[in-house]
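By convention in this document, chain letters (A, B, ...) are assigned in the order of the sequence lines, proteins followed by strands, and residues within each chain are numbered from 1.
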Amino acid sequence: MSKQHASVTNEHKINYILYLADSTLILSHRNSEWCGHAPIIEQDIALTNIALDLLGQARSFYQYAATLIGNNVTEDSLAYLRIENEYKNLLLTELPNDDWANTILKQFYFSVYQYYLYQQLLNNSDEQIVAIANKAIKEVVYHVRWSGEWVVRLGDGTAESHQRMKNAIENLKNYIGEMFIAADFETALQIDVNNIQQQWQEKVNATFAEATLPLPENIFNHTGGKNGVHTEYLGYILTEMQYLQRTYPNAVW
Amino acid sequence: MVNENNISIATIWSIIETIPDPEIPVITLKDLGVIRDVKIDDDNNIEVIITPTYIGCPAVDMMSMQIMQELAEHGYKNTKVTKILSPAWTTDWLSEEGKKKLKAYGIAPPNQKQIVCTPDLFQQEEAVQCPRCDSYHTKMIARFGSTPCKALYQCNDCKEPFDYFKCH
Ligand SMILES: [Zn+2]
């Protein structure tokens with residue numbers, strides 16, 4: 001194998017790991033916005049626990065990416081010192097929380113995606129990716145169950161909760177497709193997005209049927225997140241999240 | 001300085017195994033099963049391998065610090081703590097002694113690992129025993145508790161709400 005080929009592969013791998021890290025970090029940040037605001041304390045704690053799990057995944061991926069990048073890059077510099085168009089997270093993860101139904105549905109879509117993605121990554125050739133996926137999937141199972149149970153509870157609940165779930169389905173419908181449209185780095189790493197999509201769809205179909213909810217009509221997909229083209233929301237998130245490091249460089253606790 | 005010839009793996013274990021868990025101080029790191037290995041190389045550098053219970057568990061950094069500190073107090077300076085993710089921690093590694101201590105502390109210890117770890121909705125764990133009155137007549141209040149490793153339950157008999165160290 002030529003040297004050039006090897007370095008291309010490495011760049012794809014780094015981008016892929018950053019994609020996984022960024023998506024989990026940004027959703028973690030969105031979830032943490034609920035801290036102190038959720039309808040009841042048990043659910044406030046649930047969502048912040050999920051935020052913590054996602055942050056743990058993000059840290060593991062950033063730490064690994066940092067070792068591959070070298071040049072004194074650290075997990076912190078990756079999280080706090082990259083700008084918007086260097087972030088590769090899914091657009092879905094940066095969307096505003098809106099109401100409880102929208103927050104739940106976002107989490108459910110993402111957790112189901114993560115569950116089948118990580119199952120696939122258990123067979124990856126990279127040992128560290130396997131280790132992170134294997135560790136994280138046990139927690140993702142809880143996220144799928146928690147968010148899925150809420151989808152059913154709200155969908156098959158009162159007239160208002162049902163309507164709010166329908167609004168959420170409408171809000172998010174154009175942000176589902178991006179998960180299953182392979183970026184260059186996913187193609188390079190031979191991620192089978194179609195297989196993930198199929199399993200994701202089955203799980204969502206079954207859950208929506210139980211929740212008496214209509215499936216989203218997906219005719220248009222917003223994309224770009226994986227390549228650094230984001231909605232206007234990401235800038236606000238990074239502004240808040242990176243404020244301290246930008247204002248007081250190298251500040252530590 | 002500690003005499004080089006005296007450093008034995010058993011000594012290091014005996015120093016670190018009594019360190020309490022930062023979040024549930026009635027059990028030790030050894031009870032919890034998070035210390036995976038102790039290695040000493042030819043230059044007497046000591047490496048302690050630990051694994052987190054949950055991937056985002058903030059207690060891990062605290063554990064590393066406590067281990068380094070405890071070893072330093074015993075005169076061991078060339079130490080490092082390495083965090084590994086694989087093999088992934090499971091509640092099966094919690095010692096029997098640890099389970100007893102948890103129960104006495106009011107936290108229901110985890111059941112044997114079972115097949116609830118699938119993404120099917122509305123599954124119930126097998127009966128969780130109330131740490132206060134031993135009744136199995138209990139219900140889950142919330143899937144997530146005060147820390148990632150716990151769920152919130154309530155006893156239907158004595159009415160006591162309690163933490164359950166969920167199987168993982
Ligand atoms: Zn009881």
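With no hydrogens or angles considered, a side-chain donor-acceptor pair links A/N89 and A/E94 at under 3.5 Å. Side chains of A/Q107 and A/N31: a donor on one and an acceptor on the other come within 3.5 Å. A/T103 and A/W34 share a donor-acceptor pair across their side chains, judged by distance under 3.5 Å alone.
Remark: B/K166 qualifies as a cation-pi partner of A/Y142 under the 6.0 Å distance and 45° angle criteria applied to the six-membered ring. Cation-pi geometry between A/R145 and A/W150 is not met at under 6.0 angstrom from the ring centre and within 45 degrees of the axis.
Contacts of A/Q43 with chain B are absent, with no heavy-atom separation under 4.5 Å from either backbone or side chain. Residue B/P52 touches chain A through both its backbone and its side chain, counting heavy-atom pairs closer than 4.5 Å. Contact of A/Q128 with chain B is made through the side chain alone, with heavy-atom distances under 4.5 Å. Both the backbone and the side chain of A/I132 come within contact range of chain B, with heavy atoms under 4.5 Å apart. Residue A/V112: no heavy atom, backbone or side chain, is found under 4.5 Å from chain B.
Of all heavy-atom pairs between A/A133 and A/L121, the closest is CB-CB, 4.0 Å.
Heavy-atom neighbours of chain B within the stretch residues 54-65 of chain A, taken at a separation under 4.5 angstrom, comprise A/G56, A/Q57, A/R59, A/S60, A/Q63.
Taking the ring centroids of A/Y109 and A/W200, they lie under the 6.0 Å cut-off. When ring centroids are compared, B/H168 and B/Y54 come within the 6.0 Å threshold.
Heavy-atom pairs under 4.5 Å with chain B were tallied for A/A131, A/A136, A/A206; the largest tally goes to A/A131. Annotation: maximal heavy-atom pairing with chain B below 4.5 Å, among A/H143, A/K203, A/E149, occurs at A/E149. Most heavy-atom pairs under 4.5 Å with chain B, from the set A/K135, A/E42, A/E210: that is A/K135.
Ring orientation note: the planes of A/F110 and A/Y113 are tilted relative to one another, at an angle of 30° to 60°.
In this structure, the separation between CD1 on B/I55 and CG on A/N134 is 10.0 Å, given to the nearest 0.5 Å.
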